Amino acid sequence: METSSEHQAYDFAYVQEKWLPIWDKLEPFKSGRSDDPRPKKYVLDMFPYPSGDLHMGHAEAYALGDVIARYWIQKGFNVMHPIGWDAFGLPAENAAIKRNEDPRIWTYENIATQKSSMRRYACSFDWDRVFNTCDPEYYKWNQWLFTKLHDRGLAYRKDSAVNWCPGCQTVLANEQVVAGLCERCDSAVTKKKLNQWYFKITDYADRLLDDMAELEGKWPEKVLLMQRNWIGRSQGANVNFVIEGRTEPVTIYTTRPDTLYGATFMVVAADSALAAELAAGTAVEAEFTSYLEKIKAASDIDRLATDRPKSGVDLKRFAINPVNGEKLPIWASDYVLADYGTGAIMAVPAHDQRDLDFARAMKLPVRVVVETGEEDPNETGIATTGDGKLVNSGALNGLTKNDAIAAINKQLEADGLGKSARNYRLRDWLVSRQRYWGTPIPIVHCDKCGEVAVPDSELPLLLPVAKGLDLKPKGQSPLAAATEWVNTKCPKCAGPAMRDTDTMDTFVDSSWYYLRYPSSTNATEPFNRAEIDTWLPVDQYVGGVTHAILHLLYSRFFTKVLYDMKMLDFTEPFTRLLNQGMVVMDGSAMSKSRGNLVRLSDELENHGVDAIRLSMVFSGPPEDDVDWADVSPSGSVKFLSRAWRLSGDVTSAPGADFSKGEISLRKATHKALNDASFAVESFRFNVAVARVMELVNATRKAIDSGCGAADPAVREATEAIAIMLSLVAPFTAEEMWERLGHKPAIALAGWPTVDPALLIDDEVEAVIQINGKIKDRMNVSPNISEADFEAAALALPSIISELAGAVPKKVIARPPKLVNIVL
RNA sequence: GCCCCCGUAGUCCAAUGGCAGAGACAGAGGACUUAAAAUCCUUCCAGUAUCGGUUCGAGUCCGAUCGGGGGCACCA
């Protein structure tokens, strides 16, 4: 075998080929050894969708996840760093339609491609734990969990208006609607009323919100905020309005019960059952019906238009304001949402912009009931929303907003006319899809018994083979055509019954996959409790901010449900979260059509794995986007060879006594180790790399013009460099380690212990300021006392002459760095 | 419209409220070389978007403005 001598240039291709088979044999990242005494840590990268080979985005994500996993391994932890594939979903189905073959083929081919790319990219994954969500061994448990949610009343069906793409003839998830258009065919998405399966995530709204307290400081603030906004809890009151000619009063929700006296009309959502009922049999029924038709035809893109004029129909019916007996006309309009609150509102145009816009459009009265000091909304057309004194409000007159809210809530409750209430922006999670490539919903519909869950013993309910099925979207699941599969017996009464033909949203698959890794081949249960107790919750989760809301929210929801089922004893799945940025090119997302696509395989070919990983990590903070136009992979190559060269220069033997080494280089080494640790633990990987570069520079200098290559400090520094580098550039690091006379794998070498004594400088330079301006500097001991420090500063000749006898008002001494003399 | 984040050399980025520069890219010069590459060394470049405030001291905290980015989408 060829050996790399120190005279040879650093050859990344050779080094990569050399080490991969050796690592395969050593398996340094196996985490399942039962006799492993190391403390455990669970580091998880969001699993990929197998949509082709790995791209630049994967390269960044896995480089960052690897730094964390490899760091904790060096720190002596038994790190579980697993990987799998989120393998159900639309792209496979589209590819299957295009190629006229089973989606399994495309999916498993891509998984194999990605897997081999990950190996070449030197990801520190534990390959023993791999699974794919499209494996029946996995989706069996999706189905099992579905039936358990069904048992608990958390999975239910209801009619609802859903996103509908007329082009693809299918229901779309919210995230598949981009700016009102179908992400696939660009058709304008409309609403369609369909009977669909839902998970009752709204039951968990408060817990999802309140439990975020324990994630504070551990998850990015931005993600917590997005989740809070998404859940959107609001505090207000439900108020009952009697309707003329109707026995039941109508309840409205408002966040401003203090403005009840300012209500001048009521609006019901045009697409609500209440609107239809109120219009039925009246003179305006025809007008209402045609209005409703118009709304239903309107696409999302129209609904999204910002300054859309208000429209509606006067139903010529009246509600009675419970506080003053006033007759309020009832209108139907599409600006009120049917599925928020009760689908009906009291309109207070003076203090709500939307109501004011509507009132002005329909020439309805506007009555100010809060004096906010702002201009009259009647004149300006701008509703006043600030605080102030109540007027025209009976007993509430003179109160401020908050006092008025408290007073009116109390009054309404006493009179049985209403009470304080909460509402949420969060809606239940629509989980059924009319698609083939997903988990079949394990429900049988029986004329006699209704919805019957498929019993555990019959799971997995296998997805029928695609052969013979028309997978093209046509508004109904392709599974409906698999008649043999659909027609079945009722598990309860054994009578004829039909299977549910929908499949589950793939977000279901990813909502609990992290629980599967510790026992990924378990055939008798979704996850093993003992293994869960040892590994979970995930210590560190790494992934894109694109999943800030849905995936993370759904996972949190599942965890809480499983907690309630007593299958877990924690309520938050991910203790710490890191969101990496995107890889862009010239400021915008990479795409073939934009012509700025950078191919990962080309970059790896040209610069090597280590240089690409290093470029990703060094480009800036991990949360920031990496603009590939700004990074220099060739600069990374240069640095790596510079570091590699050091390992050939060291002439002392392995095991040399470092304590005999040259002191200043030793200090630099220990400081670098210490700083890099701190930087990695606070996710400032770019700073950690900078510290290594600094140490490389110092070591180079020591060899060339300092203590010389034979000094033990040079070996100590170079070994530290190799170990720190092993987090980012495993091939280079391993090669250095070997040249330093050590055996593989460097991944398990262990982080050198930092000697605190070597972190203290003998002398530090302190600055002396007068009124915050630097006047002089002096060298002092790092442990100088405050009094000595101050005295020394005041005794400096330059300071004495500068002061010219003036007596300082105050002297701020911050030993050993700074003295500020205030005159 | 509401909410949030960010503005530091030509570029990417560092800096527990305490000397604005750790590191890198690009640029310039030099050493080595017949030459080039590689390597090594040296070096240029900002006062932190703007205005005001708090403080002994502000890139850092607070307020406003300008610029860039993100989330939500009539949620009453």
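All figures in this text were calculated on a predicted structure; none of them were measured in a lab. Numbers restart at 1 for each chain; the letters A, B, ... are given by sequence-line order, proteins then strands.
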Can you tell me the Watson-Crick or wobble partner of [N], both distances under 3.5 angstrom?
N	value
rA28(B)	rU42(B)
rC2(B)	rG71(B)
rG7(B)	rC66(B)
rG57(B)	none
rA76(B)	none
rA14(B)	none

Would you measure the distance from the [atom1] atom in [N] across to the matching atom in [M] and give it in whole Å?
N	M	atom1	result
rC41(B)	rG57(B)	P	42 Å
rG17(B)	rG59(B)	P	13 Å
rG68(B)	rG29(B)	P	38 Å
rU55(B)	rG18(B)	C1'	12 Å
rA26(B)	rU43(B)	C1'	14 Å
rC4(B)	rA15(B)	P	25 Å
rU50(B)	rG67(B)	C1'	10 Å
rA76(B)	rG63(B)	P	25 Å

If you check the [X] side chain, which of [options] turns out closest?
X	options	answer
Met693(A)	rC25(B), rC3(B), rG23(B)	rG23(B)
Leu225(A)	rC72(B), rA24(B), rC4(B)	rC4(B)
Asn820(A)	rA22(B), rC40(B), rG57(B)	rG57(B)

Identify whether any heavy atom of [X] sits under 4.0 Å from a base atom; if not, whether one sits that close to sugar-phosphate; answer base, sugar-phosphate or nothing.
X	value
Val348(A)	nothing
Phe639(A)	nothing
Arg233(A)	nothing
Glu221(A)	nothing
Tyr335(A)	base

Pair [X]-[Y], side-chain donor/acceptor within less than 3.5 Å:
X	Y	result
Trp628(A)	Glu603(A)	yes
Asp355(A)	Tyr335(A)	yes
His351(A)	Thr384(A)	yes

Can you tell me how far [atom2] of [N] sits from [atom1] of [X], to the nearest Å?
X	N	atom1	atom2	answer
Lys222(A)	rG69(B)	NZ	P	14 Å
Met226(A)	rA73(B)	CE	P	11 Å
Gln769(A)	rC19(B)	CD	C1'	8 Å
Arg425(A)	rG71(B)	CZ	P	13 Å
Lys701(A)	rC41(B)	NZ	P	7 Å
Leu818(A)	rA58(B)	CG	P	12 Å
Ile549(A)	rC3(B)	CD1	P	17 Å
Asn579(A)	rG71(B)	CG	C1'	13 Å

Check this one for me: any side-chain N or O of [X] less than 4.0 Å away from OP1 or OP2 of [N]?
X	N	answer
Lys810(A)	rC56(B)	yes
Lys638(A)	rC25(B)	yes
Arg645(A)	rC40(B)	yes
Arg700(A)	rU39(B)	no
Asn697(A)	rA24(B)	yes
Ser234(A)	rA76(B)	yes
Arg642(A)	rC40(B)	yes
Arg684(A)	rA15(B)	yes
Tyr340(A)	rA76(B)	yes
Asn686(A)	rA14(B)	yes

Residue whose nearest RNA chain B nucleotide is more 5′ - Met346(A) or Ile821(A):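 Per heavy-atom nearest nucleotide, the more 5' residue is Ile821(A).
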For Ser634(A) and for Val689(A), find the nucleotide of RNA chain B with the closest heavy atom, then tell me which residue's nucleotide is more 5'.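 The residue mapped nearer the 5' terminus is Val689(A).
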I'd like to know whether the aromatic ring centres of Trp331(A) and Phe358(A) sit less than 6.0 Å apart in this structure.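 Here the rings of Phe358(A) and Trp331(A) have centres that are less than 6.0 Å from each other.
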For Arg642(A) and Asn697(A): C-alpha separation, side-chain torsions, deciding distance, then whether side chain to side chain donor-acceptor pair (under 3.5 Å) applies. CA-CA 9 Å; Arg642(A) 191 170 150 85; Asn697(A) 293 341; 2.5 Å; yes
Pull up the glycosidic torsion of rG47(B) and say syn or anti, syn being anything within 90° of 0.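 Chi for rG47(B) falls in the syn range.
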Ignoring hydrogens and angles, are the base of rC12(B) and the side chain of Asp630(A) linked by a donor-acceptor pair under 3.5 Å?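 It does not, because no donor-acceptor pair links the side chain of Asp630(A) to the base of rC12(B) below 3.5 Å.
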Show your reasoning for whether side chain to side chain donor-acceptor pair (under 3.5 Å) applies to Asp428(A) and Thr202(A). CA-CA 6 Å; Asp428(A) 276 340; Thr202(A) 51; 2.7 Å; yes
Residue Glu763(A) excluded, over 12 heavy atoms near CD under 6.0 Å: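 Yes, the 6.0 Å shell around CD holds more than 12 heavy atoms from other groups.
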Out of curiosity, Asp610(A) CG to Ser641(A) OG, how far, rounded to the nearest 0.5 Å?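 Taking CG in Asp610(A) and OG in Ser641(A), the distance rounds to 11.0 Å.
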Residues Asp339(A) and Arg427(A) bridged, charged N to O under 4.0 Å: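 Arg427(A) and Asp339(A): salt-bridged.
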